[in-house]
Amino acid sequence: MNSYYDNENFFLRWFGKLADVVLLSLLWVLCSLPLVTMGAASIALYDTIARCVHGKHESPYKYFFHVYKTELLRGSLIT
């Protein structure tokens with residue numbers, strides 16, 4: 001019975017990553033509402049998914065905003 005609620009269960013890990021991708025996509029939509037920041041939001045989404053969801057990074061949302069803040073100028077110029 002304990003194996004169903006174990007954090008290392010494949011089912012829970014898969015749904016956790018799916019939830020992270022969905023919430024990161026919603027953050028991308030919110031951060032790219034002003035069209036000027038769409039480039040920075042896209043860079044932050046790609047980098048966060050590549051490093052946090054595929055890897056073992058602990059806090060993808062904190063990392064998203066860190067990358068968004070550092071790439072805001074360059075992403076705005078691209079857009």
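Since we're looking at a predicted model, the values are computed, not measured.
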Identify whether Leu26 and Leu33 are in the same connected component of the hydrophobic contact network (ILVMFWY, side-chain heavy atoms under 4.5 Å).
no
When the ring centroid of Phe11 is compared with that of Phe15, is the distance short of 6.0 Å?
yes
Say whether, by atom type as modelled, one donor and one acceptor occur between the side chain of Thr37 and the main chain of Cys31 under 3.5 angstrom.
yes
Can you get from Met38 to Leu45 by hopping between Ile, Leu, Val, Met, Phe, Trp and Tyr side chains that sit under 4.5 Å apart?
yes
Between Val21 and Leu24, is there a side-chain heavy-atom distance shorter than 4.5 Å?
no
Do Val36 and Leu30 belong together in a cluster built from hydrophobic side chains that touch within less than 4.5 Å?
no
Counting C-beta onward and ignoring hydrogens, is there a side-chain heavy-atom pair between Tyr68 and Ile43 closer than 4.5 Å?
no
Any chain of hydrophobic side-chain contacts (each under 4.5 Å) joining Phe65 to Leu72?
no
Please determine whether the number of non-hydrogen atoms from other residues, nucleotides or ligands lying under 6.0 Å from atom OH of Tyr46 exceeds 12.
no
Shared ILVMFWY cluster between Val29 and Phe64, side chains joined below 4.5 angstrom?
yes
Quick one: pull up OG1 in Thr48 and NE2 in His66 and give me the separation to the nearest 0.5 Å.
9.5 Å
